[in-house]
2 protein chains.
Amino acid sequence: MAQTQARDKTPRDKTPRDKTPRDKTPAAAPALPTTAWAVLGLLSFERDLSGYDLKKWADASLRFFYWSPAASHIYTELRRLERLGYVSSRVARQDDLRNKRVYRITRAGSEALAAWLRTEPEPTIVKHNTLLRVWLGHLADPAELRAAVEHHRAELDELLADARGAAERAEGDEAWRYPQLVTRWAVRRLELDLELVGELLADLDRLARSSSGRRRRSR
Amino acid sequence: MAQTQARDKTPRDKTPRDKTPRDKTPAAAPALPTTAWAVLGLLSFERDLSGYDLKKWADASLRFFYWSPAASHIYTELRRLERLGYVSSRVARQDDLRNKRVYRITRAGSEALAAWLRTEPEPTIVKHNTLLRVWLGHLADPAELRAAVEHHRAELDELLADARGAAERAEGDEAWRYPQLVTRWAVRRLELDLELVGELLADLDRLARSSSGRRRRSR
DNA sequence: CGTTGCATGTAAGGTGTTACATGATTAC
DNA sequence: GTAATCATGTAACACCTTACATGCAACG
């Protein structure tokens, strides 16, 4: 009962639902998709980042415990945040490269972000697409099932390597202690996940062996 | 680089994209949202289930390692599956209760499902909304941060209890060995998650103590 | 000379959610 | 009497993705 429900939207009251805040007081954080808060959060660490920078940052940090939005999505959210007054932007001239638009969090943005942090966290979302296939194992060829799980293991390996890299790179910096904490947590979690995958493979093999007596597989 | 990308859609070729299969040979599984396969998968275990039944089933199994679709969504997917010929339905009369429409997987449905199982699993999706808040800990009050994590722990506790219940209930049944395997896996994973949350709380406390010297919190 | 990185954005549309409507029966 | 369970469905729409367009600079 915990996993599904969502980021409570503003009650649907038929009016075209104006996105601009109805008054100046930012008391409670207005309903925004988590992506917007995540992008704003990235800008709370470093100023003058471009959409392109933010995408790279997201890939190098958010990705390990949340997920990384599409680049085009980041640009869209940035424009929304600017409309709300949560970020300001300016064009940074680069003589060697193309000019870029860099963003900076505003006072109002910091306050809104802090207010959002005080709201109750949405439930964790886990969609384990490999497990879903294992769950339907009675319809699959044991060897192919195994291959799917091993493919998943390879992905975890890669993700873990990346997360470890990120954890090392993040070391030492004062202001980044919380992201560090989370990155280390992500590493530990991926390690445990890999252990579980190992057990899963063993279970799978046992199951395949035990039913190989009257093996009546089509195809 | 693994977490984001998605269920590769059929290449966008401008034509209105007919959903009905273009010919009779079901060779490759047509692109369908995972939810559709999950619903079809539920029907591969038991026949003559109503939309209502399926929702309950999803809540009692899928939920622990995937997620549980909204009831209205299940009804929509069932109609799509029937249009595709993957399920058939009939009205089951009930004299005590309202009549209901029950569904059954067809031959074509089983084959399409098996074909889908042979496709490469989509990457695992994890959106850890509590960790996202911890990640932004420098903007939060330590006590409130702790409360958020404890709230998450309570949710995990509840989910774990439910998963354990499901694991017990599923025991013994021949045809359900794979779902059992997955449910047990989900239980183990939730247990590990709870351990990690404990560690996280300890880390958080350490961090809060170490920085309580020049505590300069706004508000 | 093709690919990769930098850099931004539009358009289309799929996936899934909430809100709500409806209505009967059983349980407290 | 009122809440919960059974049972199905429509409408609106938020969220996010892919495909694609554009263009320059550097690298091999």
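Letters A, B, ... mirror the listed sequences (proteins, then strands); counts begin at 1.
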Quiz item: B/Thr34 side-chain donor-acceptor pair to C/dT15 base, under 3.5 Å: no
When you measure from the side chain of B/Asp53, which nucleotide among C/dT8, D/dA7, D/dG9 comes out closest? D/dA7
Write down the distance between OH (B/Tyr66) and C1' (C/dT15), rounded to a whole number of angstrom. 11 Å
List every contact pair, protein side and nucleotides 22-24 of chain C side both N or O, where the distance is under 3.5 Å.
none

Tell me: NE2 of A/His73 to P of C/dA12, nearest whole Å? 18 Å
Specify the separation, in whole Å, of atom CD of B/Gln94 and atom C1' of D/dT8. 13 Å
Using a 4.0 Å heavy-atom cut-off, does B/Thr35 contact any base of the nucleic acid, only the sugar-phosphate backbone, or nothing at all? sugar-phosphate
Give a yes or no on whether a salt bridge exists between B/Arg80 and B/Glu77, defined as a side-chain N under 4.0 angstrom from a carboxylate O. yes
From C-beta outward on A/Lys100, which listed nucleotide comes closest to its side chain: C/dT8, C/dT17, D/dG9? C/dT8
Answer yes or no: is there a donor N or O on one side and an acceptor on the other, between the side chain of A/Tyr75 and the main chain of A/Tyr52, under 3.5 Å? yes
Looking at B/Trp67, I'd like to know whether one of its side-chain N or O atoms comes within less than 4.0 Å of OP1 or OP2 on C/dT15. no
Classify the ring geometry between B/Trp37 and B/Trp116 as parallel (under 30°), tilted (30 to 60°) or perpendicular (over 60°). parallel
Decide, yes or no, whether a salt bridge links B/Glu111 with B/Arg107 under the criterion of side-chain N to carboxylate O below 4.0 Å. yes
Nearest of D/dC6, C/dT18, C/dT15 to any side-chain atom of B/Ser72? C/dT18
Could you state the OH-P distance from B/Tyr75 to D/dT10, rounded to the nearest angstrom? 12 Å
If you take the centroid of each ring, where Trp contributes its six-membered ring, are B/Phe64 and A/Trp135 closer together than 6.0 Å? no
Quick test of your reading of the model: are A/Glu120 and B/Arg133 salt-bridged, counting only N-O distances below 4.0 Å? no
Measure the spacing between NZ of B/Lys55 and CG of B/Leu62 and express it to the nearest 0.5 Å. 9.5 Å
Between P of D/dA11 and CZ of B/Arg79, the distance in whole Å: 10 Å
Starting at the 5' end of DNA chain C, which residue's closest nucleotide do you reach first, A/Thr76 or A/Asn99? A/Asn99
Taking 4.0 angstrom as the limit, do B/Arg184 and A/Asp203 come out as a salt bridge? no
Separation of D/dT17 C1' from B/Ile125 CD1 (nearest whole Å): 11 Å
Can you find a donor-acceptor N/O pair under 3.5 angstrom joining the side chain of A/Ser50 to the base of C/dT8? no
Using five pairs at each end of the helix from C/dC1-D/dG28 to C/dC28-D/dG1 to define an axis, what is the angle between those two axes, to 10°? 40°
Out of D/dC6, C/dG9, D/dC15, whichever nucleotide has its closest atom nearest the side chain of B/Tyr52: D/dC6
Short N-O contact, A/Asp157 and A/Arg153, less than 4.0 angstrom: no
A/His138 and B/Ser44 side chains, donor-acceptor separation under 3.5 Å: yes
Taken to the nearest whole Å, CG/A/Leu32 to P/D/dC13 is 18 Å
Can you check the B/Lys55 NZ to D/dG9 P distance for me, whole Å? 16 Å
